[in-house]
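By convention in this document, chain letters (A, B, ...) are assigned in the order of the sequence lines, proteins followed by strands, and residues within each chain are numbered from 1. Computation of the quantities below employed the complete heavy-atom set of this structure, encompassing side-chain atoms and omitting hydrogens, waters and symmetry-equivalent molecules.
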4 protein chains.
Amino acid sequence: MARPRSDDKRSAIMAAAVRAIDRQGLRAPTALIAKEAGVATGSLFTYFEAKSVLFNELYVELKRDMVAAATEGVRTDAPLPERWHLLWSNWMRWALRFPQKRRVLAQLEVSDEIAPATLARGHQIMGDILDLLGSAHVHGPMRETPYAFVAAVVNAVAEATMDFMLSDPANAERHCQAGVEALSRMMK
Amino acid sequence: MARPRSDDKRSAIMAAAVRAIDRQGLRAPTALIAKEAGVATGSLFTYFEAKSVLFNELYVELKRDMVAAATEGVRTDAPLPERWHLLWSNWMRWALRFPQKRRVLAQLEVSDEIAPATLARGHQIMGDILDLLGSAHVHGPMRETPYAFVAAVVNAVAEATMDFMLSDPANAERHCQAGVEALSRMMK
Amino acid sequence: MARPRSDDKRSAIMAAAVRAIDRQGLRAPTALIAKEAGVATGSLFTYFEAKSVLFNELYVELKRDMVAAATEGVRTDAPLPERWHLLWSNWMRWALRFPQKRRVLAQLEVSDEIAPATLARGHQIMGDILDLLGSAHVHGPMRETPYAFVAAVVNAVAEATMDFMLSDPANAERHCQAGVEALSRMMK
Amino acid sequence: MARPRSDDKRSAIMAAAVRAIDRQGLRAPTALIAKEAGVATGSLFTYFEAKSVLFNELYVELKRDMVAAATEGVRTDAPLPERWHLLWSNWMRWALRFPQKRRVLAQLEVSDEIAPATLARGHQIMGDILDLLGSAHVHGPMRETPYAFVAAVVNAVAEATMDFMLSDPANAERHCQAGVEALSRMMK
DNA sequence: CATGAATGAGCGTTCATTCAT
DNA sequence: GATGAATGAACGCTCATTCAT
C-alpha cells in the first residue's frame, strides 16, 4: 500500500521551519526548510499544500504547544491560587526553554501570512491560559472591564516578563515573580 | 551619491513605505514603494542605500513620531499626575489616529531586518515616554524591580490598551481609562 | 516490468488521457491521468514506459479508432459511389460523436511529442480512408497529381467540414453534404 | 529619461520565441527564449507580462505577418483573377520561406494557450486573405454555402498545399498550381 | 540628479519518474 | 503487480539593485 505519509516527517518539517524562520525570518526558503528536515524539496509540498499553509498550521501548532506546556499538571480541582501559580511558572518556563518558538510565533502573529480565521483559532486556543489567569478579575477592581481586555493585558504582561527573563536570565526567577505580582496587584 | 537634495522626496518615500508595508508586509517591493511615493525606482536608492537601510531609518522615524506625539504639550513643570495623564492620552490618541504606523512598527520590531543597534536606539527614543510613566514606581511596590522591567510592562499594557481601543472604538475612551488605571494599580 | 496483466487498465489510462488532454492540453500531469483512470500514479508507468510512449501509442490508437469508425460496414464489393458515401458519413459522424478524440489527435499531430516514425505510421493507417476517397482521382482532372497530394487535400477538406459541422451542429447534415460535393467537384 | 523600451528587443524576443518553439515546442523555457534573444531572463517580462501573453501576441503577430506577405502588391483595382493568382502565390511563397513561423502558428492554434478572443482576432486578420479567395464562390456552386465554410475549406486546401510543397520542394511550383486549380474547380 | 529598463540570482511550486511497502 | 510517497531538476516569475540615458 505504498509508503504511508509519515507523521514524523510532518513534524520534522515543522521543527525545521521553526529553526529556519528563527534564523532567516519568514523568507526562509522552503527548499532550506525541507533540507533541514531531511526531506526533498518536493516532499514539503506533499505535507503542506503551500508555504502559507505550512505557516498557518505551524502557528496553530505552536500556540497549542505553548498552551499544553502552560497547562501541564494544572488540576481543575486545585485551589485557584495554586493553579494560577503553576500555570504562570509553566508558561514562563516554556518561554525560557523554547525562545525560538516564541520568536517565530511573534513573527507569524504580525505577518500577513496568517489568515484571520487562523488568528482567531489561535486566540481561542489561548483561551485555556487566559481564562484561568483572568478569572481573578471577576471580584476585583477590573470586574467591569471586558474580559477580552483583561486577557489582552495579561498576555501583554506575560510577554514583557518573558522578554525580561530572557534578556537577564541570571535573575529569571525574580522577574518571573515580579510579573505575577504586578498582575495580581492589577486585578485584585 | 552625495547628499540628495530633496527632503520632501525622502519623506514621501517613508510615507509610501508605511502604506505599502501595511498593505503587503515587509515584502512590499521597493519599486512599489517608489511608485507610491511618486518617485522613480532608482531614486529610492539615492535616498536610501538599500531596502534594509530604509527599513532601519523608518523604524527610528516612526518611534520618534510616536514619542513626539505622546510628549506634545507635556510640560516639565506641570505636576506629575497631570503630565502622566496627558502623555498617556496623547499616546493612545496617536495609536488611534495612525494605526498603520503602529502596525508597521510592530512588523519591523519582530522582523530580522532591524539591526540590534537600531533596535537599541529605538528603545532609547522610547525613554522619553517610559521614563515618565515609570517614574511612579520609585516609591511604589515595584521600587525594587529593575527599571527596564517596569518599562517593558508599561509598554506592554499600553500596547494591549491600544489594541483594544482599536478593536472596539466605540468605547475607546473607557478602555483608555481602564489601561492607565490598571497601570496605576500595578505600580503604586 | 514484463507484460502487465490488465488490458482494461491500459485502455482506462488511454481514455483518461484523452479526457485530461482535452481539458488541460499535453501538459496534463501523468498523476492526473492515472487518477482519472482509477489507477495509481506508478501504475501508469507499468503500462507505458514514459509519458511520451503513452502519447505515441495514444496517437496510433486514436487514428485506428477513427479509421475503424469510418470504414465500418464499407464493403469492398459495393459500388464505388456507395462506398464513398458511407465512408464519408461514417467519418463525419465519428468526428461529431468524439470531438475530444479529434481535438487530442490534432494536438498530438502538431506537438513534438510524436516521433516521426509514429507520425508515418499514423499516415499509413489513414491510408484506408484516403485510398478510397482518393480513388476517384485516377480518372479525373487530378490524375497527374501525386497521390499524396490528393490525400492531403481530401484530409484537409474533411477536417474543415468537421470543424464546421461542430461549430454549427444544427445544420450538420447540410455541411456534411457540402463537404463531399466540394471534394467531388475537385476530383472528377 | 532612462533607457526607453526598445522595439528591437521586443521583436528580438518574438523572433527568438519562434525559433525556440519550433525546436522545443510550447514548453520552450522563457529563460531560453530570453537568452536566444540576447536579453536577461527578467527582461522578457518587461516586454510581456507573462509567457502566455507573449504567446498570444506572437500568434497575432504571425498571423499579421502571414497576411501582410500574402497581400503584398495585391491591388484592389486589378482584375479579380490576377489578384487571386498573386495572393495565392504570395501566400505559398511565405509558407516556403518561413516554415518555422508556420509550424509555430499551427502549434499555437491548437494549444490551449491562446485565449478565445485572440483566436477570434486571428481569424479576423485572416479575413483579408480569405475574403478575396472566397469571393469567387458567390457565383459558383457554393453560392449557398455559408461564407465561413468556404473560408475553412480554402484555408484547409491552402494548408495542404503548403505541406506538400514543403515535403517535395523540387516540384513546389507544380503543387502550388495544383492547389489553386483544385480550389477553382471546387468553387466555380 | 532623475528615470525606469536591464540584470540575474533566487524562490515557490510542479511533475515525470522511482522505489519502499 | 499495485500503490502513492519521495525525489529533485526544472520552470515561470519576482525584485533588489545597477546603470545607460
Review point. Under a 4.0 Å heavy-atom cut-off, which of residues 105-114 of chain D touch DNA chain E?
Key: none

Point to revise | Interatomic distance where CZ belongs to A:Phe48 and C1' belongs to E:dC11 [whole Å] | key: 19 Å

Practice item. Fill in the dot-bracket string of DNA chain F, one character per base: . for unpaired, | for a pair to another strand, ( ) or [ ] for pairs within the strand, taking Watson-Crick or G-U pairs under 3.5 Å. Key: .||||||||||||||||||||

**Study point:** Side-chain donor/acceptor of C:Lys35 to backbone N/O of C:Thr30, under 3.5 Å
**Key:** no

Practice item. Mind calculating the distance between CG (C:Leu44) and P (F:dG1) to the nearest angstrom? Key: 15 Å

Study note, to complete from the structure: salt bridge (Lys or Arg N to Asp or Glu O under 4.0 Å) filter on D:Lys101, not counting sequence neighbours, yields D:Asp65

Revision key, fill the gap. Taken in chain and number order and not counting sequence neighbours, the residues that satisfy salt bridge (Lys or Arg N to Asp or Glu O under 4.0 Å) with C:Arg102 are C:Glu159, C:Asp163

Check your understanding: Are A:Glu57 and A:Arg64 close enough for a salt bridge, meaning some N to O gap below 4.0 Å?
Key -> no

Point to revise | Any donor-acceptor pair under 3.5 Å from A:Tyr47 side chain to A:Ser6 backbone | key: yes

Study note, to complete from the structure: Taking every heavy atom of A:Pro29 against every heavy atom of A:Gln24, the minimum-distance pair comes out as CD-OE1, 4.0 Å

Exercise for review: Report, as a single string ordered 5' to 3', how protein heavy atoms within less than 4.0 Å touch nucleotides 6-13 of chain F: B base, S sugar-phosphate only, - not at all.
Suggested key: SBB--SSB

Check your understanding: Rounding to a whole Å, what distance do you find between A:Leu32:CG and E:dG12:C1'?
Key -> 14 Å

Practice item. Please indicate whether A:Arg103 has more than 12 foreign heavy atoms, meaning atoms of other residues, nucleotides or ligands, lying under 6.0 Å from its CZ. Key: yes

Check your understanding: What integer distance in Å separates A:Ile13:CD1 from F:dA5:P?
Key -> 13 Å

Review point. With no hydrogens and no angle check, is any side-chain donor or acceptor of B:Asn56 less than 3.5 Å from a backbone partner on B:Glu113?
Key: yes

Exercise for review: Measure from the side-chain N and O atoms of D:Ser11 to the backbone N and O of D:Asp7, and report whether any donor-acceptor pair falls under 3.5 Å.
Suggested key: yes

Point to revise | Interatomic distance, B:Lys35 NZ vs F:dC15 C1' [rounded to whole Å] | key: 15 Å

**Study point:** All side chain to side chain contact (heavy atoms under 4.5 Å, CB included) counterparts of D:Arg19, not counting sequence neighbours
**Key:** D:Ala15, D:Ala16, D:Arg23, D:Glu36, D:Gln100

Point to revise | Under-4.0 Å salt bridge between C:Glu61 and C:Arg10 | key: no

